[in-house]
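Encoded as structure tokens, the structure appears first; notes follow it.
Every chain is numbered from 1 and lettered A, B, ... according to where its sequence line falls, protein lines coming before strand lines.
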Number of protein chains: 2
Amino acid sequence: MVGGKYKLIILHKLATHGIRRFNELRREFPNITQRTLTRQLRELESDGLINRQVYPEIPPKVEYSLSETGKSLYPIFLQIEKWGLEYMENNPK
Amino acid sequence: MVGGKYKLIILHKLATHGIRRFNELRREFPNITQRTLTRQLRELESDGLINRQVYPEIPPKVEYSLSETGKSLYPIFLQIEKWGLEYMENNPK
DNA sequence: CTGCATCCATCCCGATACTG
DNA sequence: CAGTATCGGGATGGATGCAG
């Protein structure tokens with residue numbers, strides 16, 4: 001469910017900074033292409049990790065946020081982050 | 001570093017059951033092909049997560065075990081396992 | 001603004017046969 | 001026993017253009 005190239009950082013961004021619109025995410029991850037961002041978001045949505053709120057306006061507006069299930073991943077993120085910091089301490093460069 | 005299809009379960013097996021020989025791992029994961037098992041083990045080794053001990057005998061003998069870095073991943077595994085159990089409780093089927 | 005359609009390169013893994 | 005060699009297919013991500 002989190003196997004995509006950008007899924008973890010997307011979830012992390014939504015976890016730490018809350019609701020985000022599509023183009024906000026594009027700006028925050030300049031390397032990801034539009035097509036890929038769309039697909040990763042759709043996959044996260046169909047796995048129930050994020051919510052997708054569409055506002056039927058012109059111009060369109062779509063907001064992404066963590067679902068409850070997505071939020072429940074947060075302890076894992078913290079554990080991974082802790083590991084990463086220790087790993088960098090023991091393997092400096 | 002743990003992105004391969006079988007890397008997490010290989011690490012988990014080594015974490016919970018200690019040293020394993022090549023063909024023991026093959027038997028324990030019947031779905032993995034020889035070629036793929038070899039590659040995943042080599043990648044784990046070059047990332048420093050497992051140790052590869054070769055005994056220059058006939059017939060050959062190679063033992064795989066967790067490195068200290070590999071062992072340090074264990075808290076993450078526990079956190080993931082905990083999440084998985086809760087997820088299945090909340091999403092029964 | 002938020003997409004979809006198309007085409008393409010690469011990576012990952014599997015199937016199978018062979019080897020010291 | 002513990003691999004290597006070869007071939008191939010499917011998934012993943014990128015580039016580019018078009019659209020409501």
Subject >> Rounded (10°) bend between the five-pair end axes of the helix from C:dC1-D:dG20 to C:dG20-D:dC1 >> reply: 50°
Original post:
With A:F77, which residues qualify under ring pair (Phe, Tyr, Trp, His ring centres under 6.0 Å), at least two apart?
Top reply: none
**OP:** Identify the heavy atoms of B:T69 and A:Y87 that sit nearest to each other, and give their distance.
**Re:** CG2-CE1, 3.7 Å
Original post:
Any idea which heavy atoms bring A:S67 and A:G48 closest together, and the distance?
Top reply: OG-O, 2.6 Å
Subject >> Closest heavy-atom pair and its distance - B:Y6, B:N31 >> reply: OH-O, 4.0 Å
Original post:
Ion pair present between B:E86 and B:K82, side-chain N to carboxylate O less than 4.0 angstrom?
Top reply: yes
Subject >> Test item: B:L25 and B:I32 side chains (from C-beta on) under 4.5 Å apart, heavy atoms >> reply: no
**OP:** Give A:Y64 one of three labels, base, sugar-phosphate or nothing, depending on what nucleic acid heavy atoms sit under 4.0 Å from its own.
**Re:** sugar-phosphate
Original post:
If you look at every heavy atom in A:N51 and A:L66, which pair is closest and at what distance?
Top reply: OD1-O, 3.5 Å
**OP:** Taking the side chain as every heavy atom from C-beta outward, state whether A:E28 and A:R20 have any atom pair closer than 4.5 Å.
**Re:** yes
**OP:** State plainly whether the residues A:E24 and A:R27 are in salt-bridge range, i.e. N to O under 4.0 Å.
**Re:** no
Original post:
Which two nucleotides bound the region of DNA chain D that has atoms under 4.0 Å from heavy atoms of chain A, read 5' to 3'?
Top reply: D:dG13 to D:dG20
Subject >> By side chain to side chain donor-acceptor pair (under 3.5 Å) - contacts of B:T36 (at least two apart) >> reply: B:T33
**OP:** For A:L49 and A:M1, work out which heavy atoms get closest and say how close.
**Re:** CD2-CE, 3.5 Å
Subject >> Distance-minimising heavy-atom pair for A:P60 and A:R21 >> reply: O-NH2, 3.5 Å
Original post:
For the pair made of CD in A:Q53 and C1' in C:dT2, what is the distance, rounded to whole Å?
Top reply: 15 Å
Original post:
Which parts of nucleotides 7-20 of chain C does protein reach within less than 4.0 Å, heavy atoms only, written one letter per nucleotide 5' to 3' as B for base, S for sugar-phosphate only and - for none?
Top reply: B-----BBB-B--B
Original post:
Any chain of hydrophobic side-chain contacts (each under 4.5 Å) joining B:V54 to B:L14?
Top reply: yes
Original post:
For DNA chain C, which residues in residues 13-30 of chain B have a heavy atom at a distance below 4.0 Å?
Top reply: none
